[in-house]
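Remember, predicted model here, so these are calculated numbers, not experimental data. Whatever order the structure lists ligands and atoms in, that order sets their numbers, starting from 1.
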Amino acid sequence: MGKYNFDEQIDRRNTGSIKWDFGIQMKGRDDLLPLWVADMDFKLPEEVIEDIEKRARHGIFGYTDLGESYYGPLKDWYKKRHDMDIQSEWITVVPGVVYAIACGIRAFTKPGDAVIIQQPVYYPFERIIKQNNREVVANQLLYKDGHYEIDFEDFEKKILENNVKMFILCSPHNPVGRVWTKEELTRLADICVKHDVAVFADEIHSDFVYKGHKHTSYITLGDKYMKKFVLGTSASKTFNLAGIQTGNIIIPDEETRDDFKKENEANGFGQPNVLGMIATCSAYRHGEQWLEELLDYLEGNLNYVRDFLSEKLPKVKLVEPEGTYLIWLDFSEVVDDHKQLEKIIVDKAKLWLDPGIIFGRQSALFERINIACPRATLKQAMDQLYEALTVL
Ligand SMILES: Cc1ncc(COP(=O)(O)O)c(C=O)c1O
């Protein structure tokens, strides 16, 4: 028995939760069990809550810079967990990783320039490129025998054909769950250096890796890849802090960092959120055991879904994840149209998932399920899915 109880079902309704309280606004109904947006239904470790409380009790929330007391725990965490050697001056604190991607796009490309992404991928990538009046170029991941691979030839060809200026990498990859290997990342990095493509590596899911796999941070690939390179990280996924809106952008190359910072400042962003910084460094300082137990719990959830599907719904294929708490289900043996799939998920199963179509056209017959919830919630979701599919 561990120290933490991830089975506890905590009522998140009426807290302004995007996941639990926005059914009417976003789906037109409030009877759906939500396993969509990537936050967790688990409580933070007590030490972190206490640190936030203690700071809140001080009662004054003026402009704040925590200096080394903030950077220290961050650097220790990344060194210990991912073998990354980071210097404090490389870090810029921002309100979030997507915000930083937007800054990166404006810093390293001009309106009309092409930015490449690997679909199916976290849908704000496409949105934020378009909203900044840049062109989206898609390097489709190859889906073969239930597994995703990178199409390197297509990646380079698309870069050349479209004069691509920037690449947004998702590592580990949401939603397909790949934890890219050092060899794969180096091949991508070589192509980007060869064609002078700036790289934003979004590693927000880096702490969620299942047994037998290892996250390689792009920053560890070597100095020759660090020109025009930006690393996006945050404690928000690892410790369920998305609502505190704090991310850490790491840029080793000075000129690249200056270019990024100019865009950040042009947005009018100055000092970060004090409680966000307190929560972030407290979580890195006190949260390791919590995370270890959480990873075991998530592995249990993953095993539960895998067994359930193979026993009861063998036509629904689980794309075996190597990382992330988001799992990717292939319904192509069940339906041949994404509207029909959405009807089954919403009207019959009464589930709120993320439909595959939003991650890219070619994944229209997939659904993404967030398994970072108590097992009882997951069981209920799988039972509802079973009923919906067996009364077709
Ligand atoms: C790959 C990826 N990047 C970024 C984010 C969001 O990060 P932030 O809230 O810091 O903008 C998410 C959230 O799901 C994500 O999956």
Side-chain angles (χ1 to χ4, degrees), residues 16-19 22 26 34-42 74 91-105 115-129 131-132 141 148 166-180 185 199-209 215 217-218 230-250 260 263-264 267 269 272-273 275-277 279-280 283-284 298 321-328 352-356 358-360 363 366 368-373:
S17 158
I18 300 291
K19 191 183 199 173
F22 281 73
M26 295 174 77
L35 293 91
W36 65 288
V37 69
D39 70 21
M40 309 197 269
D41 295 333
F42 305 126
L74 218 108
I91 303 170
T92 307
V93 187
V94 294
V97 172
V98 174
Y99 166 89
I101 293 174
C103 292
I105 289 172
V115 180
I116 196 163
I117 55 176
Q118 297 179 304
Q119 285 179 326
V121 75
Y122 179 56
Y123 42 90
F125 285 7
E126 178 173 4
R127 192 191 66 211
I128 207 86
I129 296 168
Q131 283 171 336
N132 281 284
L141 294 174
Y148 281 87
M166 184 170 176
F167 168 40
I168 305 173
L169 167 73
C170 194
S171 175
H173 193 100
N174 166 13
V176 310
R178 279 298 317 278
V179 173
W180 305 118
L185 293 169
V199 178
F200 190 109
D202 177 344
E203 296 186 3
I204 200 165
H205 293 280
S206 62
D207 288 314
F208 295 99
V209 172
H215 171 72
S217 176
Y218 201 99
V230 178
L231 175 61
T233 75
S234 172
S236 67
K237 293 284 165 255
T238 311
F239 293 105
N240 208 22
L241 296 168
I244 60 124
Q245 296 280 287
T246 301
N248 296 296
I249 304 309
I250 303 167
F260 178 87
E263 275 309 323
N264 186 30
N267 286 333
F269 186 70
N273 179 318
L275 292 181
M277 288 190 290
T280 296
Y284 283 137
L298 291 175
E322 298 168 349
T324 83
Y325 56 72
L326 306 162
I327 61 172
W328 192 230
W352 184 357
L353 310 179
D354 266 339
I358 63 179
F359 297 87
S363 51
F366 287 75
R368 191 190 77 174
I369 300 191
N370 176 347
I371 61 165
C373 56

Option whose closest heavy atom lies nearest to atom 2 (C) of ligand 1, chosen from I128, D202, T233, V121: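 It is D202 whose heavy atom sits nearest to atom 2 (C) of ligand 1.
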
Heavy-atom proximity to atom 7 (O) of ligand 1, best of L169, I204, V37: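 Nearest heavy atom to atom 7 (O) of ligand 1 lies in I204.
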
Plane angle bin for W352 and W36 - parallel if under 30°, tilted between 30 and 60°, otherwise perpendicular: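 Geometry flag for W352 against W36: parallel rings.
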
Can an N or O of [X] be found at a distance shorter than 3.5 Å from an N or O of ligand 1?
| X | result |
| --- | --- |
| K237 | yes |
| V97 | yes |
| S236 | no |
| H205 | yes |
| V98 | yes |

In ligand 1, which numbered atoms sit nearer than 4.0 Å to a non-hydrogen atom of [X]?
| X | value |
| --- | --- |
| A38 | 14 (O) |
| N174 | 15 (C), 16 (O) |
| C170 | 1 (C) |
| G96 | 10 (O), 11 (O) |

Residue portion contacting ligand 1 (non-hydrogen atoms closer than 4.0 Å) for A242: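 Contact part for A242 vs ligand 1: neither.
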
Whether Q245 lies under 4.0 Å from ligand 1, heavy atom: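 False for this residue.
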
Proximity flag G247 to ligand 1, non-hydrogen atoms under 4.0 Å: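 No, G247 has no heavy atoms under 4.0 Å from ligand 1.
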
Donor on one side chain, acceptor on other, S363 and Q119, under 3.5 Å: no

Under 3.5 Å, which donor-acceptor pairs link side chains of residues 169-176 to any protein atom two or more places apart or in another chain?
from : atom 1 : to   : atom 2 : distance (Å)
H173 : NE2    : P120 : O      : 2.7
N174 : OD1    : R368 : NH1    : 3.0

For Q245, all residues meeting side chain to side chain contact (heavy atoms under 4.5 Å, CB included), sequence neighbours excluded: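 In terms of side chain to side chain contact (heavy atoms under 4.5 Å, CB included), with neighbours along the sequence ignored, Q245 is linked to no residue.
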
Sub-4.0 Å protein heavy atom near atom 9 (O) of ligand 1: no

Value rounded to 0.5 Å, distance of CZ in F366 from CH2 in W328: 6.5 Å

